[in-house]
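Naming convention: chains lettered A, B, ... in sequence-line order (proteins, then strands); numbering from 1 in each chain. Computed from a predicted structure; not experimentally measured.
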Number of protein chains: 2
Amino acid sequence: MARAASTKGPTRIQREKTEAILEAALEVFATYGYRGSTLDQIAAKSGISKPNILYYFDGKETIHAKLLARLLETWLEPLEHLSDAGDPVDEICAYVGRKLAMSRDYPRESRLFANEVLQGAPRILDELAGPLKTLTDKKSALIQSWINAGKIKAIDPHHLIFSIWATTQHYADFDVQVRAVLSDKADARFEQAAEFLDTMYRATLTP
Amino acid sequence: MARAASTKGPTRIQREKTEAILEAALEVFATYGYRGSTLDQIAAKSGISKPNILYYFDGKETIHAKLLARLLETWLEPLEHLSDAGDPVDEICAYVGRKLAMSRDYPRESRLFANEVLQGAPRILDELAGPLKTLTDKKSALIQSWINAGKIKAIDPHHLIFSIWATTQHYADFDVQVRAVLSDKADARFEQAAEFLDTMYRATLTP
DNA sequence: CATAGTTTTGACCATATGGTCAGAAAATTA
DNA sequence: TAATTTTCTGACCATATGGTCAAAACTATG
């Protein structure tokens with residue numbers, strides 16, 4: 001079996017191969033979705049034979065589950081960092097910036113998530129209704145407290161968060177479209193987006 | 001063959017069956033993406049046997065292509081209606097409203113499009129780089145003229161349009177997530193969104 | 001280096017899936 | 001109603017795909 005004895009951790013080979021498989025799988029799943037992806041594609045991309053992949057993972061489902069679990073760990077992080085330390089408007093704009101940076105630096109993760117949610121989130125519905133909702137409610141309350149204190153304009157906190165998710169993830173999920181429309185100016189899309197979004201959210205929030 | 005003689009149009013049966021197949025196919029493709037969908041699913045949902053489906057359409061690909069072609073016809077319509085007739089801010093907000101209404105009334109079409117673009121738009125890349133880019137450039141120029149005339153605040157027109165697409169389509173494409181987060185208040189999501197987006201874009205655009 | 005443990009593979013299997021086809025059933029027309 | 005055309009189906013096929021397994025190849029260690 002691939003699982004090493006409980007006392008020792010995974011061997012070097014196990015770590016390397018497991019990582020190579022997950023790396024290739026992320027690429028494939030993010031591009032074609034769960035059902036559209038095949039073990040043969042992952043095998044080809046990782047350079048690891050299909051039976052060997054199944055030596056390290058129980059099956060296609062398990063690989064996908066592992067990727068999603070990893071993703072969810074880091075996905076909520078930017079929002080968690082939203083605190084009442086600094087100026088509310090700056091705080092929210094900083095969150096927008098972090099989220100946009102994630103679209104730039106981890107577009108595959110964004111697409112993996114988008115594919116999953118778009119298809120009804122069959123494998124992560126519990127996470128959405130649980131941890132995600134809990135965190136969103138908590139941060140919405142924080143935003144509401146800022147509104148009550150007159151520090152930002154009165155808007156619906158939940159929908160503000162939705163709009164931030166939508167506008168930032170758009171640059172990863174709809175990248176092909178963004179590039180097609182911007183064509184020659186596409187290279188600067190993230191800098192342009194950063195400036196536009198900063199302007200928009202400052203205008204929206206500044207009292 | 002299913003194709004009627006060139007002189008006569010399609011028969012009643014042809015119209016009905018073709019429509020039933022496309023209706024079922026839209027449902028299936030929007031939910032599972034192209035590769036994730038099967039003819040058997042479409043057959044089951046439409047109540048038309050697989051061989052009979054293939055009597056009306058050349059194959060899976062053709063059905064999908066037909067749906068995309070139809071979609072693109074109507075997809076750009078809301079943006080085309082953006083004119084310099086009324087007040088610029090009202091015009092843009094009206095466009096946001098139309099786009100949000102499409103997410104509410106045609107969520108499957110939105111998801112079909114999202115699935116396609118998310119996976120690299122292999123079948124509609126030409127449409128994006130052609131008609132979509134042309135229209136977007138034209139309307140960006142209109143928005144820029146409003147900026148030059150001092151009628152709205154100076155923002156990047158292309159990214160304004162992206163943000164409108166993102167925020168409105170989010171309510172169709174990420175519906176599961178929106179509902180999970182709003183839970184008991186989910187029923188009113190479109191009214192809430194309409195109000196929030198109107199507020200945000202007025203704040204962003206009003207000079 | 002010999003042995004025990006780990007990793008890798010080729011061959012293979014069962015099922016799913018897109019698609020074909022000859023002929024039956026139904027509808028239309030003469 | 002008989003002939004003709006359109007619509008529909010069961011049986012079938014080729015390929016793709018997730019997964020299995022026995023044995024080979026490799027690695028680490030006493």
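- Atom CD1 of A:I53 is separated from atom P of C:dT7 by 15 Å (rounded to the nearest Å).
- Separating the CD1 atom of B:I21 from the P atom of C:dG19 is a distance of 13 Å, rounded to the nearest angstrom.
- Shown here are the salt bridge (charged side-chain N to carboxylate O under 4.0 Å, His left out) partners of B:D198, two or more places apart in sequence or in another chain: B:R202.
- Contacts between residues 22-32 of chain A and DNA chain C, defined by a heavy-atom separation below 4.0 Å, involve no residue at all.
- Distance CZ/A:F174 to CD/A:Q169: 10.5 Å, rounded to 0.5 Å.
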Let me have the donor-acceptor pairs involving side chains of residues 71-86 of chain B, under 3.5 Å, with sequence neighbours excluded, atom names and distances please.
unit_1: B:T74; atom_1: OG1; unit_2: B:L71; atom_2: O; d: 3.1
unit_1: B:H81; atom_1: ND1; unit_2: B:E77; atom_2: O; d: 3.0
unit_1: B:S83; atom_1: OG; unit_2: B:A85; atom_2: N; d: 3.2

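- With sequence neighbours excluded, the residues satisfying side-chain contact (heavy atoms from CB on, under 4.5 Å) with B:P157 are B:S140, B:I143, B:Q144, B:I147.
- For D:dC21, the OP1/OP2 oxygens have no side-chain nitrogen or oxygen of A:Y55 closer than 4.0 Å.
- The distance between atom OH of B:Y56 and atom C1' of D:dT6, rounded to the nearest whole Å, is 8 Å.
- Remark: P of C:dT6 and CD of A:E16 are 17 Å apart, rounded to the nearest angstrom.
- By the salt bridge (charged side-chain N to carboxylate O under 4.0 Å, His left out) test, B:R179 pairs with B:D175, sequence neighbours left out.
- Every residue two or more places apart in sequence or in another chain that forms a side-chain contact (heavy atoms from CB on, under 4.5 Å) with B:A24 is listed here: B:I42, B:K45, B:S46.
- One interatomic measurement links the two molecules: CD1 of B:I48 to C1' of D:dG10, which rounds to 17 Å at whole-angstrom precision.
- For D:dT9, the OP1/OP2 oxygens have a side-chain nitrogen or oxygen of B:S49 closer than 4.0 Å.
- A:H64 places its NE2 atom 13 Å from the P atom of D:dG19, with the value rounded to the nearest Å.
- Here B:Q14 does not reach the OP1 or OP2 of D:dT6: none of its side-chain N or O atoms lies under 4.0 Å away.
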Could you list, one pair per line, each protein nitrogen or oxygen that sits under 3.5 Å from a nitrogen or oxygen of nucleotides 16-18 of chain C, together with the distance?
unit_1: C:dT17; atom_1: OP1; unit_2: A:R35; atom_2: NH2; d: 2.8
unit_1: C:dG18; atom_1: OP1; unit_2: B:S37; atom_2: O; d: 3.1
unit_1: C:dG18; atom_1: OP1; unit_2: B:K60; atom_2: NZ; d: 3.1
unit_1: C:dG18; atom_1: OP2; unit_2: B:L39; atom_2: N; d: 2.8
unit_1: C:dG18; atom_1: N7; unit_2: B:K50; atom_2: NZ; d: 3.0

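- Rounded to a whole Å, the CG atom of B:N52 is 12 Å from the C1' atom of C:dA25.
- At distances below 3.5 Å, at least one donor-acceptor pair connects side-chain atoms of B:K153 with backbone N or O atoms of B:A203.
- Under the salt bridge (charged side-chain N to carboxylate O under 4.0 Å, His left out) criterion, A:R123 pairs with A:E61, A:E116, sequence neighbours left out.
- Under the rule for a salt bridge (charged side-chain N to carboxylate O under 4.0 Å, His left out), B:K138 has no partner lying at least two apart in sequence or in another chain.
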